[in-house]
Amino acid sequence: MLSPAKVKFRKQQRGKRRGLSKGGCRVDFGDYGLQLLGCGWVTARQIEAGRVAIMRHVRRAGKLWIRVFPDKPIGKKPAETRMGKGKSVPEEWVAVVRPGRMLYELGGVPESVARQAFALAAHKLPVRSRFVRREVL
């Protein structure tokens with residue numbers, strides 16, 4: 001699973017999950033992409049589950065690019081714990097995503113196969129997404 005090798009600070013604040021994506025909104029590497037339509041956190045497990053679903057469907061043909069990286073540590077306090085006593089230990093890593101962000105790109109496969117593969121991957125994600133094609137200029 002994806003996680004940073006080293007970070008400057010062990011814990012981060014939660015931050016705001018609003019606004020539009022500032023970059024990574026176009027299909028730059030492959031022929032087709034999965035674009036996110038909502039704000040949220042995508043965990044490293046969800047990114048990996050989507051990757052596995054795509055690669056199983058295309059039978060390891062073509063090339064897949066993952067356009068986000070989970071670099072935000074998230075801690076979860078145990079159930080039935082009283083308030084206070086400081087922040088919990090980081091348990092998982094998430095990528096903060098905003099509308100318009102490209103999550104996966106796929107090249108070297110027919111459009112119908114890519115569309116079905118991205119539909120399988122979209123079921124693994126907590127935010128809405130859509131299939132996009134590369135714009136030929």
Would Leu120 and Gln116 count as a side chain to side chain contact (heavy atoms under 4.5 Å, CB included) if you check the C-alpha gap in whole Å, the side-chain angles of each, and the deciding distance to 0.1 Å?
CA-CA 6 Å; Leu120 291 172; Gln116 291 170 349; 5.8 Å; no

Could you walk me through whether Met1 and Arg45 pass side chain to side chain contact (heavy atoms under 4.5 Å, CB included), step by step?
CA-CA 7 Å; Met1 260 184 300; Arg45 289 178 186 275; 3.2 Å; yes

Check the pair Arg17 / Arg98 against side chain to side chain contact (heavy atoms under 4.5 Å, CB included), numbers first and verdict last.
CA-CA 7 Å; Arg17 288 180 273 183; Arg98 293 189 170 89; 5.8 Å; no

Looking at Gly75 and Ser88, what are the two nearest heavy atoms and their distance?
C-OG, 3.2 Å

Under the salt bridge (charged side-chain N to carboxylate O under 4.0 Å, His left out) definition, can you give me all pairs with a residue in residues 59-76, not counting sequence neighbours?
Asp28-Arg67, Arg67-Glu105, Lys76-Glu92

Is Pro73 close to Arg10 at the side-chain level, that is, under 4.5 Å between some pair of heavy atoms?
no

Are the side chains of Asp31 and Arg133 in contact, using a 4.5 Å heavy-atom criterion?
no

Give me the other members of the hydrophobic cluster that Leu64 sits in, counting Ile, Leu, Val, Met, Phe, Trp and Tyr linked by side-chain heavy atoms under 4.5 Å, directly or via other members.
Leu2, Tyr32, Leu34, Leu36, Val42, Ile47, Ile54, Met55, Val58, Ile66, Val68, Phe69, Val97, Leu103, Tyr104, Leu106, Val109, Val113, Phe118, Leu125, Val127, Phe131

With a cut-off of 6.0 Å (strictly less than), are more than 12 heavy atoms of other residues, nucleotides or ligands near CD of Gln13?
no

Which atom names give the shortest non-hydrogen contact between Cys39 and Pro99, and what distance separates them?
SG-CD, 3.3 Å

Nearest heavy atoms of Ser21 and Gly23, plus distance in Å
OG-O, 2.8 Å

What pair of heavy atoms forms the shortest contact from Ser129 to Ala122, and how long is it?
OG-CB, 3.4 Å

Pair Arg26 + Glu135: basic N to acidic O under 4.0 Å
no

Ignoring hydrogens and geometry, is there a side-chain-to-backbone donor-acceptor pair from Gln35 to Gly100 under 3.5 Å?
yes

For the atom pair NZ (Lys124) and CD (Glu48), what is the distance rounded to the nearest 0.5 Å?
12.0 Å

For the residue pair Lys11 and Pro90, establish whether any side-chain heavy-atom pair is separated by less than 4.5 Å.
yes

Any side-chain heavy atom of Trp93 sitting closer than 4.5 Å to one from Thr43?
no

ILVMFWY clustering at 4.5 Å (side-chain atoms), partners of Met102:
Val27, Val132

Could you pull out the closest heavy-atom pair between Trp65 and Gly30, with the gap in Å?
CZ3-CA, 3.5 Å

